[in-house]
Amino acid sequence: MTPATASSNNWSVLERKLGTFNRLMTTKAAIGQTPKDLIWTLNKAKLYRYVPVVPAEARHPVPLLLVFALMNRPTIMDLRRGHSFVEYMVGRGYDVYLLDWGVPGPEDKDLKFDDYVLDYMPRAIRKMKSVSGSSEFSMLGWCIGAILTTIYAAMRPNDGLRNLLLLTAPLDFSNPEKLTFARWTDEKCFDVDKVLATFGNMPGEMIDYGAKALKPVENYVTNFCKLWDNLDDPRAIEAWHAMNTWVTDIFPMAGGAYRQLIVDFYRNNRLMKGELKIRGELVHLNRLRANLFNVIAEADHITPPCQSEAILSKVGSTDTEIYRVRGGHIGIMAGSSAHKQTWPHIDRWLGARSDLSGPQPYM
Amino acid sequence: MTAEHVDAGPQVDPFEAFRGMRDKYLESMSKVMIDAVNTEEYAQATGAMLNNYLTLSAPFREALDKAMLMALEQFSLPSRQQVIALAERFTNLEMRLDDIDAKLDCVLESRSASQPSAAGVSPGGAGHSSSEARPLHQGNSRKGQRPK
């Protein structure tokens, strides 16, 4: 090979890599592709039922409701074909429902946890019961979705909730020195009322910045260096593209709920202290009796393990299990090893508790 | 040895050493930055920047809002507040419809229960808990969503 030919090849490789890089940065991957039916809507919230692929007689009779956080799309649970938690669970014979909170508009700036827990969730759950024909159900809450599902489970202990799965649940804020978010949102530094008076809802860009600034070098530099290094690996770029599509799809969080998150949770830890009031009613965690599976990500920088551990000592459940998994806040469910670690553990635990003959913890 | 044999052998990547150095540098920088953002000083500095931005931009935003409101009035278009009020009323209507849907489910369920000979699954599903018999909307409507 002559030097001229080698040089020409190098340039063509560089050109190809730049083209791929440009495509990944400027296009959206197809995410959330598992077939589903819309069965209920209220305001921006939507309830989907994933189309079962297992015959009815072979399916688990207790349906599973997925509840994600308020400030990101729930498509992370159904990231891409062949690597989707939803697809996996549907394939394992679960009747899977997804509650998508949608994007709050200016008219939703006063929406609070109270509204999500006492207006939206009971209605969505009623519809899910009606469609599934089951009076019992399981619920999986991830991140802030775990806060919502925990509050719901404690406030409606007789509503048929058999199994509660919490993923990276930020419930305990008693160690603010270990929480970077708590430091940033301390009242000495951060005037939450002024921000919300200005914007109404908490802007998605600010939430996104907050999440990325926890690990600035990884998120703003290393992420792209690794992409560049792996541009010749179709699998790696497909995974990166899907994740980037999800990460960059940002939207605001309802102002009322954000204020509660900062004031009631980060600053005052009211849920764990038993002081949290939802529509004037105290939330008693000891009323939560559903079987509880608590997944903790050991390398979670958004919800450190210390935030999720104490819940087990507060609830009234007798069947509880903690599963610790190596990985980060999102990686444990959407990372490359999730299908070998987290998903099978969830299936093992839930599968054993999703038949009607099992004990009913809420009775 | 032919040229082909040389090409087929393991290729030396001239950038491998550079990549190794880069990764080590980024790793150490990452630790430094994580420590830096986790300090009281960083929290106070970002808080002060945000506060200053909000304070300084407030007069401009207010002026823009007023100008926009006047322009919309001139064109006989609804203001932002009016559209928001309308959206809130829609949500309230949706809640009322959902209440009716819940009551209908209960009626159908009780009808099918009173007709045990009717085969098949009830339209409302089986075994609803007693909590579903009552309307879900119990007068504690969310702020700003009461009927205007």
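The sequence lines fix the lettering, A, B, ..., with proteins before strands; numbering per chain opens at 1. Predicted, not measured: the structure shown is a model, and the values here were computed from it. Hydrogens, waters and symmetry mates are skipped; everything else that's a heavy atom, side chains included, is used.
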For chain A, the option from Ala48(B), Ser30(B), Gly47(B), Ala58(B) that forms the most heavy-atom pairs under 4.5 Å
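Top option by heavy-atom pairs under 4.5 Å: Ser30(B).
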Would you mind telling me which of Thr39(B), Asp23(B), Thr46(B) has the largest number of heavy-atom pairs within less than 4.5 Å of chain A?
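Heavy-atom pair counts peak at Thr39(B).
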With a 4.5 angstrom heavy-atom cut-off, could you sort out which part of Leu26(B) is near chain A: side chain, backbone, both or neither?
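For Leu26(B), backbone and side chain are both near chain A.
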Please look at Gln81(B) and chain A and tell me whether the side chain, the backbone, both or neither of the residue comes under 4.5 angstrom of a heavy atom of that chain.
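The answer is neither part of Gln81(B).
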Do the non-hydrogen side-chain atoms of [X] and [Y] ever get within less than 4.5 Å of each other?
{"X": "Lys194(A)", "Y": "Leu50(B)", "result": "no"}
{"X": "Met33(B)", "Y": "Lys215(A)", "result": "no"}
{"X": "Arg123(A)", "Y": "Met95(B)", "result": "yes"}
{"X": "Phe199(A)", "Y": "Leu54(B)", "result": "yes"}

Between Tyr42(B) and Trp184(A), what is the ring plane arrangement, given parallel below 30°, perpendicular above 60°, and tilted in between?
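Tilted: the ring planes of Tyr42(B) and Trp184(A) meet at 30° to 60°.
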Over all atoms of both residues, closest heavy-atom pair of [X] and [Y]:
{"X": "Cys189(A)", "Y": "Ala43(B)", "answer": "CB-O, 3.6 Å"}
{"X": "Glu94(B)", "Y": "Asn43(A)", "answer": "OE1-N, 2.7 Å"}
{"X": "Asp105(B)", "Y": "Ser130(A)", "answer": "OD2-OG, 3.4 Å"}

[X] atom [atom1]: more than 12 heavy-atom contacts under 6.0 Å:
{"X": "Arg16(A)", "atom1": "CZ", "result": "yes"}
{"X": "Lys212(A)", "atom1": "NZ", "result": "yes"}
{"X": "Lys17(A)", "atom1": "NZ", "result": "yes"}
{"X": "Phe90(B)", "atom1": "CZ", "result": "no"}

Which portion of [X] sits near chain B, non-hydrogen atoms under 4.5 angstrom:
{"X": "Pro216(A)", "result": "side chain"}
{"X": "Phe137(A)", "result": "neither"}
{"X": "Asp186(A)", "result": "neither"}
{"X": "Leu214(A)", "result": "backbone"}
{"X": "Thr185(A)", "result": "neither"}

Calculate, to the nearest 0.5 Å, the distance between atoms CH2 and CZ belonging to Trp228(A) and Arg19(B) respectively.
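Going from the CH2 atom of Trp228(A) to the CZ atom of Arg19(B) covers 11.0 Å.
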Could you tell me the separation between the CG atom of Asn38(B) and the CD atom of Glu177(A), rounded to the nearest 0.5 Å?
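Taking CG in Asn38(B) and CD in Glu177(A), the distance rounds to 10.5 Å.
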I'd like to know if the side chain of Arg183(A) reaches the main chain of Val37(B), judged simply by a donor and an acceptor atom lying under 3.5 Å from each other, with no hydrogens or angles considered.
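No; zero donor-acceptor contacts below 3.5 Å.
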Under 3.5 Å: donor-acceptor pair, side chain of Glu107(A), backbone of Glu88(B):
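It does not hold such a pair.
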Without hydrogens or angle criteria, can the side chains of Lys44(A) and Thr91(B) be said to hold a donor-acceptor pair below 3.5 Å?
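Judged by distance alone, the side chains do not pair up.
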Judged by modelled atom types alone, do Asp98(B) and Trp40(A) share a side-chain donor-acceptor pair under 3.5 Å?
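Looking only at side-chain atoms, Trp40(A) and Asp98(B) do form a donor-acceptor pair, the distance falling under 3.5 Å.
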Going through the distances and angles, do Asp99(B) and Arg126(A) end up as a salt bridge (charged side-chain N to carboxylate O under 4.0 Å, His left out)?
CA-CA 11 Å; Asp99(B) 288 342; Arg126(A) 182 195 70 78; over 6 Å; no
